[in-house]
Each structure stands twice: as C-alpha cells, then as structure tokens.
Participant: 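One structure coming up, written as structure tokens, with questions to follow.
Everything numeric here is computed off the predicted structure, so don't read it as measured data. Per chain, numbering begins at 1; letters A, B, ... match sequence-line order.
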Amino acid sequence: MAYVSRRALCTTGATAALACVLGLAGCNGGNASGTDAASGSSAGSAASASGDVTTMTSGTLTFATSPDYPPFENLENGEYVGLDMDLGRAIAEELGLECEYTNIDFDGIVPAIVAGGQADAGLSGISITPEREEQVDFSDPYYVDNQAVAVMSSNADITEDNATDALNQEGVKIAVQSGSTGEAFAAENFPNAELVSFPNFTDAFAAVNSGQAVAVCGNSAVVQQMLSGAYTDLHTVYTSATGEEYAIAVSKDNPELLAAINEAIATLQEDGTLDELIAKNMG
Amino acid sequence: MRTAHVRPARRATAALVALALCLTACLAGMVAPRQASAMDVVRCTGRPNSSDDKTVIQGATQSRITFEATVEEGEGVSVLTLTIPQDTTFETDDLAVTLLSGTDLMTRNEVSYDLEVVGQNLVFNFDEPLAQAGHLNIIVYGVYFPQAGGDMQVEATYRLASGDEHDIEGIPVIPVQGISGTEALSQWLEQQPWVQAWNANRFLHLFFDPTILVTSFPVVLNGFFMSVAIVALSFPLAIPVALVLALMRLSKFVVWRGIATTYVNLMRGTPLFLQIYVAFFGLPLAGIQIPNFPLGVIVMTLNSGAYMCEIFRAGILSISKGQTEAARSLGMNRVQTMVYVILPQMFRIVIPNLTNEFITLYKDTSLLAAVGVMELVMYARTIVASTGSITPYIVAAAFYLVITLPLSKITRHLEESLRGGKKRKRASTAEKGADAQKEAAHA
Amino acid sequence: MPNPTSASAEPILRIEDLHKSFGETDVLKGISLDIEKGEVVVVLGPSGSGKSTMLRCLNLLEKPTAGKIFFEGEEITAPKVNINSVRERMGMVFQQFNLFPHLDALHNVMLAQQKVLKRSKAEAAEVARVQLERVGLGDRCDYFPGELSGGQQQRVAIARALAMDPHVMLFDEATSALDPELVRGVLDVMRELAQQGMTMVVVTHEMGFARDVADRVIFMEGGHIVEQGTPEQVFEHPKSDRTRAFIGEVS
C-alpha cells in the first residue's frame, strides 16, 4: 500500500512499455483506498496534467531544498547547484514554469510541504520511506542511492578487505547524518556499531577527522565529493548499492502537480537528460 | 500468479550496461575463473523500523527484506526461490531484483523474470539464466514480521540451467523483536475513528499526530534525561567558575581583571555553537580526547560561567559599600567579608537572573545536537526527519516546559520567602508602631 | 567616671599630623590629637569639615595620605600592620546602621565573634544575648533588620560592635539617619556606655549629648581642628568666631 504511489505513473512512450506494466501493477496492488484513488486519478490525468498545474505562485514551481548535500544540492556563490537542482530546473522547463528554490532545513521540508505555503514540492535527496509517505506523496524515483563508508586513511584496523565485519563491532562509532539513508543503512547493516548522528553531514566528516567517530557512512556520491574536497585524509573502505530511492515530495492535495512532475521525470529519463545530469554531477 | 518485469532503468543506459558487461568480461578473462559451485549469501537483512532504537527490527510494523547472494561467472542460475519466514506478510508489487556487477559491485543490471508466488515462496523464473558474475540483490517491500518477533530465517534455493537444485547455505537470521508497547498503542490508535478524524485536520496531523506522539514520547524521553543530566552537572559547576571570574573582575589586580574580562568577553561575544565546534572538533586535533558527554558538560559550564559571572558581578556591585565597611570594621578579612556577608546577599539578589540563566542553559543544550550529543532536540529531530511530522518537536517542547514552568514557580516562591523573611508570620505594622512607642518609653 | 587627664598612662589613640586627600581635594590638613583611655571625645563641625573622614581614618577604612596614628602604642599606619587585629579592638557604628540584612539580630551580633574571635557558637550566642539585652533588645533576637525600626537597628549595630569587646568605640553620626522620636533610645545607650568607662570618639550633631556626656569637645572646620576643650569651655566660652557661629546656628 505504501509503495504504490511512487510508481503510480507512466508515460505511453514506446520505450516505456515495461515501466507501464509496473505502473499498472502499482494501481492494482493498492489495498488502501486512499492511495488507490490517488493513483487512479494521477494515471488518468497524466496526459493533460502539464496543461493546468496549480502552484503556489502562478507560473512558478517552488522547490524546498536543504543545500548542504553536495553533489545533490549545494550553494556555490549563491547559486543552487547539484543533481537535484539541475533536475528541478529541467522539470520546471518541461512544465513551462519558472523554477524557484527555497532554503529549508532537511527535517523541515516534508512538514513544509504538508503545511503548504512554503513550497510546491520538496527536492532535496529525499528518500522514500513508509513514514514519509503518510505525510506526502512521492514522485517516481529519479535516483537510486548507493552507500559508502569512509575512515581515516591512517586507520589500519578497518580496511577494504575486512570492512563488513570490522565496522559491525561493538564500540565502533559511525558518524551519520540524522534522518538520512546513511543512518538507516548503517543501522541495518552494522547493528553492533554505535551510531553518532549529526544534523549536518559535514559535521559527520569533521567528527571522523577529529577522532570523535571512526567512520562516516552516507550517500556514496556525497562521500566521494567530501573526500575529494575538504576531507582528503579519509578514504572509502566500503560501498554498497542499496534500495533507497530518491524522489520528489509533493503535497497529497496536489495530485495534478505530482502527475505533471512524474510525466516530466519520465520524459527526462526517456530522452537521456536525467542520465546526463547524473553523469555531470556525480562525475 | 502475476508476472512482473523489470524495474525501469534509472541510472544505467543500455550503453553503460554494455560497457559494464565488457568490463566484467575482461576482468573475468584476467582472473582465473573459480569453480562455479554455489551461490553464497552476502547479506540478508530487515530494515529497522522502531523509533525507539534505530537498529531494532520489530514485528507488525512495516519493514523490508534485503537479500543478496553471489552469482558466479557462467553459473547459469535459472530459477531462484526465496522463502519468506512463516507468518510474515509481504508485498510483491514492488520487488526489486538487481544484479550488481563490476569490480565494486556498484553497477546495477536489470534482471527479467517471471514471478510465481506460492505461499511464502517467491519463485523467480529468470528469462535468461544468470551467467554474469556479481551479486544478485533482491528487495522485498511491505514486509510485516510476526507481532511476537523472534529470529526470522529466510531460505533460498536455486536451480541451475542444468536442472540441479541447490540450497543457499548459511543465511543469517533476521532478529525481530516483539512490538513495543508504544508501537502497539500507536498502531491501535491509527485504527481508531477519532484518531483518523483528528488526523484529517492537517494542522493537528502535522503538529499533534497521536500515533507519533506515543511513539516519540519514550524516544524523546531519552534525550530529556540527557539534557537534564547535562544541565544538572554544568549549572552547579558553572557557579564556582562564575564566582571566581566575578571576583577576578572585581579584583584590584590588573592581571586578574584582564584575564577574566577577556575570557568573559570572548565567551559572551562569540556564538555558543562555535565554542562547541572548537571543543568537539578542535580539541581532538590538538591531541585532547574527551568523551562526548563530559566535553558537553565542560563547554556548557565554561559558557554559562561567563554569563553567570556578569550576573554575580552586578549582584555584588549592587550591595552597598556599607556592608563591606561594617564587616571590615568588625575585623573580618576580605575573604570572610565576601563569604559571610556579600555572597549570601548577592545570591538572593541574583536568583531571578540565575533562573533565567538556568533556563537558557537548559535550552542551549540543544546546540550540542550539532556535534552528535543525543539530547532532547536531537532525538526529536531524528524522528521529525524520518517521519516528516512536527509532532516530536511538540513532545520536546513539552519536556522543556516540564522543567521551566515549575522552576519559574519555585523561584517566585523562593524570592518571596527570602524577601519577606519572617515578616509575614509575625511583625504587623501595628506591632511595629508599638515598638516605636516602646522605644520612646525606653528613653 | 574615669579621669581623662590621668597623665600616667599613654594615650590609647594618638594622631600625628594626619592628612587625607581624595584626588585633588584635601579633606584633612594636618590633624593631631591624643585620646586617653576612658575619654569620651565628641567631634563637632559643619558638613564637609572632615570629621567623618578623620573618624574613618582611625580604623583605616580610609587610608591616610600622610601622618601617623598610634593605637595602644602601636603605629597602625605603618606598613605590614595587621589591620584586622586593629579593627577587632575598635568598634564602629555607622550612620546607616549597615546591619547584615540576611541575618537576624542575634546572628548579626554573633557573626564576627565566631569568624574573627573564633568563639564557639554557644559562646557567641550567649555574648550576643547579653549585648542585645544591654541595648534593650533582648526580645528582638530573632528579628531581621527589615523588621526593626531604625532606632532598633542602630542599637543592634551597637551591640554588634560591643560584642567584640572593643577598647574604643567610634560613632559616625549614629543618630543622623533616625526619625527624631527614635534618637533618644540610641543616645541613651551611648550615654550608658560612656558612664561604664568606654573610650568613645563620637561624631555627631547632637549638642545636648556633647554638652552632657563629652569629656572633651572638638570643633573641626576645613580639615583643621579649630578649637577643643571641655564642653563648658567650647559651648560657654568659645575662643573662635567660627565655633561661636556654628554653635549659635545649631542651637
């Protein structure tokens, strides 16, 4: 039931036939009446969605983002840069809208979407979870998360060869960003280790650098970005492809917008734009 | 039975997949092929789903099983059967089946299959036998483990193209705990019509969701104890620090005064979060390793000490010079005068300001969240981040009020009783008038 | 009544050419004075004449700019003198009472006994009761200063000083802050004290007290001692015009 909405929509493009099957499967599989209705309507209105999308400010699509998560979102010289930011602009262009970003702390984004008035959608490396789906609707995922764990290069105890076991030990402190996929991943895969949560991902790295924690766990692309920048004394000892999916959060009151965004994502996926943006930002 | 195909490609384009295949092939060529003997399990985990403990998987709450096993080069796995533990429900709409390949196993390859569900068995009939080396990763969503919990054993068998059937050995159990009381209460609440009606109001849902209220309460309570412990230690510790600083600032010696003034201006003039960063990330780099909790207490003590210093200094200065002169004229030395005459009076005067400082300190413990000290706000923030509801912050606010409201009341009492002395009980104005008459009579 | 003129004993207090200035302002411009044991000296003079400053110099609440003060044969203006031990033997009563507001009357009187004289709690309490009884406040032991009238507070302050068994008592305008009807009680206590042989230096505006109780009256003006003598000499036959004018004004 909870996972229905993220695959609720598909386009009718020839190459998207497989995805369409999934979409229908999503509709059929729904066993909660609320999401059934939502997915039904979104699928139905998909074709005409881009025509009359209601947004906060007419003609503008406003995304809430927390620009502290390069290479997904970051501020460079006052400009919003990163994969999510490029994606947001591309989606807005598809929909014929102006793209705006508003800066909200990560843990405030979903509440802001629920409350409305701050932003039309949340675009900030938000992964789909059952809890969040109680509050908002998610678009189709546009990115699947990889996780990485990094330690000080000088650390001889934890190496690429023994990381799986060495990290899952009592007394090993792993720094994570609170509420992130990295936190969930570390909790699931290294249950014996002690997790130290930081509101800001940068601080998790600072904690390893200063010896407050042994390892840092988080999105692989973000970890690589940090390691190539401020934290060159660390190196990656563990990577894993995971099932966490990043998607755009939209108010449950705005299924038209959700449908339009999904349509745009599908188009961008189809014409290779999304892959280009991923390659550009993760390179 | 329902057939399901592949998830749409998200990252890898066909070209990328081809490239990866090439790469793998090359690597396989270089590395001597190992004997294609068996699929080995890499992991079998459940997604933790308890708000009490981030690593706990509990029953009757939505979870997810991630199963990953190795596939050898040329092994040719044609069917894989995954057996979900008894009494565990799951959904099959959103299965993710991916073959991870490449040297770092980060390349995702789609796998086409037909799915057959027989009881607890998920039977994957692969369109093409799996022949590429890598890890086969299967994620089953919408999993509900039995409410009572227990060690959940996932089983798996596979059939090779040759028709041989093998079991995958050594699959780790998934330890599932019985559902906690609050989680059960939360789930029960979720079913109640009045809760559903309540949550239909968007404001109430966002700020006062009863289901999240009950689950976040015990979690935030942990942070409450942490915050209270930090304040309970750093506030009393800050008092002597502040006293010494205040006396130094009032000292005749320029050096003492200079040191104390510089310190106070530095601590009051820079943001607390910066001081916290310096202590938590700077000190270790200077080779000073202090565990989180004592370090947090030290930082809060030193910061609060600076603010309290000014409170004490003002308090001391507000006491009339005559008090010192009277004490000194009786032969009491500087220290005795301070300890027995000035300070007791000062403490009375500064109680309201000290109370404010206590409340500020208590609320400022939230800044320690930035460096990983799990205090009140940090616990709440974690749940807010994962649920997207503001309700845990409301719970946190309640925990603040639990301390600050009674404190204000106690302080008011304290002030009154100190100011009044025994006056209320005894001396009425009439009696005082009588005293004056008596005095006149005495003459 | 002790004989102030007894020549055999050396003076209990001797002031030699005492100067005191606050910044540019010279307040005391050379005061010399001997006070005999058991003598009651009343210092008169207009405001700003330096009489309070002189008194405060005696127990070193003000540090003299120049000049010497001898107390019981010891030069207390010399460096390295233990000021606290000097003050133990010199009681002082202030215009503003300066009782400790956080302590009741009994504990006001006990505090310095315990901390300075190291008397036991019981002993200090016993002495305190006796002294409070002596100033007529035996029934006010557990009253806080805020609950006492000004006159009562000043009498507690006197008891507090007496509890230290001082050899000299200094009174700095002890009745100036009191309502007129409360002045009598305090003056009576002071008068009794004088009769019991206490050496007293009293700065006051109470002419009647000076006339009745003083062994010697000193008239100060502009940082100088203008005139001194028995009350009779000073009040009835003043030598200086300034003294005459002052006495005329006040009375």
Participant: Heavy-atom cut-off 4.5 Å, strictly under: side chain, backbone, both or neither for B/Gln323 against chain C?
Facilitator: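 Contact with chain C: backbone and side chain both.
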Participant: Would you mind telling me which of C/Leu99, C/Asp179, C/Asn59 has the largest number of heavy-atom pairs within less than 4.5 Å of chain B?
Facilitator: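 With the most close heavy-atom pairs to chain B, the winner is C/Leu99.
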Participant: List in chain and number order the residues that pass side-chain contact (heavy atoms from CB on, under 4.5 Å) with B/Pro240, two or more places apart in sequence or in another chain; answer none if no residue qualifies.
Facilitator: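 For B/Pro240 there are no side-chain contact (heavy atoms from CB on, under 4.5 Å) partners, ignoring immediate neighbours.
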Participant: Could you tell me whether a side-chain N or O of C/His102 sits under 3.5 Å from a main-chain N or O of B/Met346, the two making a donor and an acceptor?
Facilitator: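 Judged by distance alone, no pair lies under 3.5 Å.
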Participant: Just checking heavy atoms, which of residues 357-368 of chain B are less than 4.5 Å from chain C?
Facilitator: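 So far as heavy atoms go, nothing in residues 357-368 of chain B approaches chain C to under 4.5 Å.
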Participant: What residues of residues 115-123 of chain C sit under 4.5 Å from chain B when you count only heavy atoms?
Facilitator: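 So far as heavy atoms go, C/Lys115, C/Val116, C/Lys118 are the residues that approach chain B to under 4.5 Å.
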Participant: Counting heavy-atom pairs under 4.5 Å with chain C, which one of B/Thr324, B/Ile319, B/Val341, B/Asn333 comes out on top?
Facilitator: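 Sorted descending by pairs with chain C, the first entry is B/Val341.
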Participant: Above 12 or not: heavy atoms from other molecules or residues under 6.0 Å from CZ of B/Arg268?
Facilitator: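 Yes - once you tally the heavy atoms of other residues, nucleotides and ligands closer than 6.0 Å, there are more than 12.
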Participant: Given that the side chain runs from C-beta out, which part of C/Leu60 has a heavy atom under 4.5 Å from chain B: side chain, backbone, both or neither?
Facilitator: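 C/Leu60 has no heavy atom closer than 4.5 Å to chain B.
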Participant: Measuring from atom CD of C/Gln114 to atom CE of B/Met332, what distance do you get when rounded to the nearest 0.5 angstrom?
Facilitator: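 Nearest 0.5 Å value for the CD-CE distance: 10.0 Å.
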Participant: Just wondering, are more than 12 heavy atoms of other shown residues or ligands nearer than 6.0 Å to OH in B/Tyr340?
Facilitator: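 Count not over threshold, so no.
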Participant: Measure the OG-CZ distance between B/Ser329 and C/Arg160 for me, rounded to the nearest 0.5 Å.
Facilitator: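 Separation between the atoms: 6.5 Å.
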Participant: Please list, in residue-number order, every residue in residues 77-98 of chain C that has a heavy atom less than 4.5 Å from any heavy atom of chain B; write 'none' if there are none.
Facilitator: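 C/Asn84, C/Arg87, C/Glu88, C/Met90, C/Met92, C/Phe94, C/Asn98, listed by number.
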Participant: Take a 6.0 Å sphere around CZ of B/Phe253 and say whether it holds more than 12 heavy atoms from other residues, nucleotides or ligands.
Facilitator: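 No, the 6.0 Å shell around CZ holds no more than 12 heavy atoms from other groups.
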